[in-house]
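Data first, discussion second: the structure below is written as structure tokens.
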Protein chains: 2
Amino acid sequence: MGITERKESDKEVMRKKILNSAMKLFLSEGYDKVSIRKIADAIEYSPATVYLYFKDKTAIFNALQKIAFDKFYDTLAECLKIKDAKKRLDEMGELYMKFAMENPEYYDLMFIMSAPIDREKETCFMDDRAFNLLSGTIEEVFKKKEIKNIDVEAATFLLWGFSHGFASLIIRKRLAMIPDEHLKGLFQKISRMLDKKFFQ
Amino acid sequence: MGITERKESDKEVMRKKILNSAMKLFLSEGYDKVSIRKIADAIEYSPATVYLYFKDKTAIFNALQKIAFDKFYDTLAECLKIKDAKKRLDEMGELYMKFAMENPEYYDLMFIMSAPIDREKETCFMDDRAFNLLSGTIEEVFKKKEIKNIDVEAATFLLWGFSHGFASLIIRKRLAMIPDEHLKGLFQKISRMLDKKFFQ
DNA sequence: TTCAATAAATAAACAGTGTTTAGTAACTAA
DNA sequence: TTAGTTACTAAACACTGTTTATTTATTGAA
């Protein structure tokens, strides 16, 4: 059935067209200021057409969140080329912060934005892949250094929690009065502190 | 000039009436779903009247943020009745989390919500009072325990960063698949861990 | 080739939003 | 009593997400 297949792929092309425009608009204007009409304008179709490909604005949000998580994981996974677990852990912290600072809209999409709570049962918190990458690395460090009195889960949430807290405060401009350079130094200083106390 | 004074105080009464209704609506429905029309309905005036007392919706937001910060500081300041600095620090962590979980809308208002960035120069990040309460207590612990190799600023941002990260992930439902009880235990476990490594 | 069926796209409307304007009604000071 | 000021609002403007009814285009079979 070549025809139904082609139709399916046509539909996929249109979906991607919509997502592409939506993402571009989100990155330049922010989620709230992007309307269905603006997306429709960008792809040169009517607003109603968008609803033939996505149930509502939330569905577009969810599709974009998935794209963001993919990019996020790809960025973090860069650390896998580092063999030494402790050095890899350091690099992950740097990459996490770098990603958040360079892609604040993606970061917002993934971890901050309040998405309408339709989901409830879907597994959409921190991407499983990224989470496992972090906790796996921490476990490796603990094994190597024969650290046994610290819970891997607790250590994972400490590192992620702090990194996310710091990143989200910056993105939502709650540390706007502190110069960027100082914030960067602060993050690195705290990272080193944590490293010294927990991982050696 | 009794008349102009009375007029001023009338104006203040009206402002408070608006803020009261707005806050109630925010707490029950969330910032986005509250419209000027709904606030106007609640106080039984026309929408346009609201604009005689507040420049725009952002101005209402800012006034409410101030109220939230006051309540937040009052909650944290409870810890001041504890004389021992280390115990006081523990209590602050508990109070911080308790406040965030019991007043998610206030917390959102203060630290998460993206307020239109009119401010730029105002000092509206974490309330100075609360921040100083935390960093002051940390300094006291360090002095008492004669810990000199750790930066007070770094330790403050570590504790605040982690607490905020954890709280905001919960509030924005990014840890929705983890039961509340487990999350509470996790926070306490990590707090104890940090305490052991940094403050004794 | 013609024609009914299906799919794709849209114009227009609905119900809502933040905000502004122009005009009314009430109070105040002279 | 009158002129000036203040408080208030009806109505409009320019948007928003979403739905409906309708039109246009494409398809597969007779």
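Here is the naming used below: chain letters follow the sequence lines, and residue numbers restart at 1 for every chain.
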Proximity to the side chain of [X] - top-ranked nucleotide from [options]:
X       : options                : result
B:Ala48 : D:dA10, C:dA13, C:dT10 : D:dA10
A:Tyr51 : C:dA9, C:dT17, D:dT19  : D:dT19
A:Asp56 : D:dT18, C:dT19, D:dC8  : D:dT18
A:Ser35 : D:dG17, D:dT9, C:dT17  : D:dG17

Worksheet item: Do A:Lys145's NZ or CZ and the ring of A:Phe199 fall within the cation-pi criteria of under 6.0 Å and 45°?
Response: no

Discussion item. Is the phosphate of C:dT10 approached by A:Thr49 (side-chain N or O, under 4.0 Å from OP1 or OP2)?
Written reply: yes

Worksheet item: Has A:Tyr53 got a side-chain N or O lying under 4.0 Å from the OP1 or OP2 atom of C:dA9?
Response: yes

Just the rounded figure in Å: distance from [atom2] of [N] to [atom1] of [X].
X       : N      : atom1 : atom2 : answer
B:Met14 : D:dT6  : CE    : C1'   : 13 Å
A:Asp32 : D:dC15 : CG    : P     : 17 Å
B:Leu52 : D:dA10 : CG    : C1'   : 14 Å
B:Ile36 : D:dT16 : CD1   : P     : 18 Å
A:Lys57 : D:dC15 : NZ    : P     : 16 Å
B:Ile43 : D:dC8  : CD1   : C1'   : 11 Å
B:Lys38 : C:dA15 : NZ    : C1'   : 12 Å

Worksheet item: Contact class for B:Lys33 vs. all strands (heavy atom < 4.0 Å): base, sugar-phosphate, or nothing?
Response: nothing

Item to complete: For A:Val50, answer base if it contacts any base atom (sugar-phosphate contacts may also be present), sugar-phosphate if it contacts only those atoms, and nothing otherwise; contact means non-hydrogen atoms under 4.0 Å.
Response: nothing

Practice prompt. Report yes or no: is there a donor-acceptor pair, N or O only, under 3.5 Å between the side chain of B:Arg37 and the base of C:dG18?
Written response: yes

Answer with yes or no after comparing the ring centroid distance for [X] and [Y] against a 6.0 Å cut-off, counting only values under it.
X        : Y        : value
A:Tyr107 : A:His164 : yes
B:Phe69  : B:Phe111 : yes
B:Phe99  : B:Tyr73  : no

Response to the item:
Minimal heavy-atom distance between B:Ile112 and B:Ser168, with the atoms involved, is CD1-CB, 3.7 Å

